[in-house]
There are 2 protein chains.
Amino acid sequence: MRPLYHPPVSEITVEGILYALADPARVAILSQLMNAECEQNCTAFAKLGNKKMPKSTLSQHFRILREAGLIRSERVGVEMRNRIRCGELKGKYATMIEAILKAYAGQKRQKA
Amino acid sequence: MRPLYHPPVSEITVEGILYALADPARVAILSQLMNAECEQNCTAFAKLGNKKMPKSTLSQHFRILREAGLIRSERVGVEMRNRIRCGELKGKYATMIEAILKAYAGQKRQKA
DNA sequence: TTAATAGTTCAGTAAGTATGAACTATTGAA
DNA sequence: TTCAATAGTTCATACTTACTGAACTATTAA
């Protein structure tokens, strides 16, 4: 099992972040991680938006979020703890990410 | 030649916009359209970011921006005039789009 | 008509995505 | 230890999507 790659802040790009967030499932994950205010394991997201997701798919979503520089994953015992890279993203990308999450939230509210 | 499709505001989605803007070429187009403050034809973008782009590729980029609801294209004589759907996007998505363009601009400045 | 301009569409290939199945890593018994 | 359970990761394959040269469409003008 290859070690998880976390890009340094200097390698994080706007297009990488947008690519990662162009999928509602990944935005839902990020959103939940943000609200949780604490790290969560992957299984906490097994069913997002009333549809259950295969764990392989979920794993890919986490990889993409991780490699975009949005989250940090760390193994603790049998599980993988994920948390937002808040401190590192602040300043450069915080405004954009917040605006995206807010727009998604507004859209979700409107559909309901 | 099939008629160009412009989604109504109700069909514009956050994920669609993010997908469209997850490509630097398309962001460059949108950015230039925004700064131009007037409509521009496609050829105005033939070389973005110091690399010339095949016109078929450019055409696809415009189609994606159009179908995401970000721009409106209209034939005028032989050329196709493109402009941002400013008024329609205001309120719902303006903040997000501005934040994205600003983040891209910051990134570009830093690379230079 | 014919040519020029400005794209659009098609076709083929290349690259990316989703997911079941198999595998890895860790913990906790028996 | 060995076995099972838990929590993912990686692989293989099918499927979808993107890039781009070539062919086509639409408009204008000579």
Side-chain angles (χ1 to χ4, degrees), chain A residues 1-6 13 15-29 32-33 36 38-68 70-83, chain B residues 1-6 13 15-29 32-33 36 38-68 70-83:
Chain A
M1 200 163 282
R2 70 180 73 114
L4 304 180
Y5 179 65
H6 294 90
T13 65
E15 55 267 36
I17 293 177
L18 293 186
Y19 168 75
L21 298 185
D23 185 310
R26 290 194 287 268
V27 173
I29 292 172
Q32 188 171 322
L33 277 178
C38 68
E39 40 191 38
Q40 299 201 308
N41 63 9
C42 296
T43 326
F45 303 92
K47 47 182 175 174
L48 282 168
N50 66 33
K51 60 179 171 183
K52 57 182 175 298
M53 198 176 298
K55 58 183 181 170
S56 56
T57 306
L58 200 55
S59 180
Q60 296 299 333
H61 283 321
F62 273 94
R63 183 180 57 73
I64 287 167
L65 286 170
R66 188 167 53 237
E67 293 182 358
L70 290 167
I71 64 171
R72 189 171 288 281
S73 312
E74 190 185 8
R75 178 179 277 278
V76 177
V78 295
E79 66 183 33
M80 201 65 89
R81 296 279 175 75
N82 302 285
R83 55 189 155 70
Chain B
M1 199 165 282
R2 72 181 72 116
L4 305 180
Y5 179 65
H6 294 90
T13 64
E15 55 267 36
I17 293 176
L18 293 186
Y19 168 75
L21 298 185
D23 185 309
R26 289 193 289 265
V27 172
I29 292 172
Q32 189 171 321
L33 277 178
C38 68
E39 42 190 37
Q40 299 201 308
N41 63 7
C42 296
T43 326
F45 303 92
K47 47 180 174 174
L48 282 168
N50 64 36
K51 58 177 173 184
K52 59 181 175 298
M53 198 176 299
K55 58 181 182 171
S56 55
T57 306
L58 201 55
S59 179
Q60 296 300 332
H61 283 320
F62 273 94
R63 184 180 57 73
I64 287 167
L65 286 169
R66 189 167 52 237
E67 293 181 358
L70 289 167
I71 65 171
R72 189 171 289 280
S73 312
E74 190 185 8
R75 176 178 279 276
V76 177
V78 295
E79 65 184 35
M80 200 63 91
R81 298 278 175 76
N82 301 285
R83 55 189 154 71

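Just so it is clear, the structure is predicted and the values come from calculations on it, not from any experiment. Chain letters run A, B, ... following the sequence lines, proteins first and then strands; every chain starts at 1.
Look at B/Thr57 and you'll find a side-chain N or O under 4.0 angstrom from OP1 or OP2 of D/dT20.
With the nearest nucleotide of DNA chain C identified for both A/Gly77 and A/Met53, A/Met53 has the one nearer the 5' end. Comparing A/Leu58 and B/Leu58 by the nucleotide of DNA chain C that holds the closest heavy atom to each, the one mapping nearer the 5' end is B/Leu58.
The A/Pro54 side chain lies nearest to C/dT19 when the options are C/dT19, C/dA6, D/dG8. Taking every side-chain heavy atom of A/Val78 into account, C/dT27 is the closest of C/dT8, C/dT27, D/dG8. The side chain of B/Gln60 approaches C/dT9 more closely than any other nucleotide in the set C/dT9, D/dT9, D/dC19. Comparing C/dG20, C/dG7, C/dT9 against the side chain of A/Ser56 picks out C/dG20 as the nearest.
To the nearest angstrom, P of C/dT19 lies 12 Å from CD1 of A/Ile64. At whole-Å resolution of the value, CZ in A/Arg75 and C1' in C/dA25 are 5 Å apart. Distance CZ (B/Phe45) to C1' (C/dA6): 14 Å, rounded to an integer number of Å. Atom CD in B/Glu79 sits about 11 Å away from atom C1' in D/dT27, given to the nearest Å. Put simply, CZ on B/Arg63 is 14 Å from P on D/dT20, counting in whole angstrom units. Following rounding to the nearest Å, B/Glu67 (CD) and C/dT9 (C1') show an atom-to-atom distance of 13 Å. Atoms CZ (B/Phe62) and C1' (D/dC19) sit 17 Å apart, rounded to a whole Å. Rounded to an integer number of Å, the gap from A/Leu4 CG to C/dT24 P is 16 Å.
A distance of 11.0 Å separates CG of B/Leu70 from CD1 of B/Ile29, quoted to the nearest 0.5 Å. For the atom pair CZ of A/Arg26 and CD of A/Gln60, the computed distance is 10.0 Å after rounding to the nearest 0.5 Å. B/Phe62 CZ to B/Met80 CE: the interatomic distance, rounded to the nearest 0.5 Å, is 10.0 Å. With rounding to the nearest 0.5 Å, the separation of CG in B/Asp23 from CG in A/Leu18 is 10.5 Å.
Each of A/Arg81, A/Arg83, A/Arg66 was scored for a side chain to side chain donor-acceptor pair (under 3.5 Å) with A/Ser73, with one residue passing: A/Arg66.
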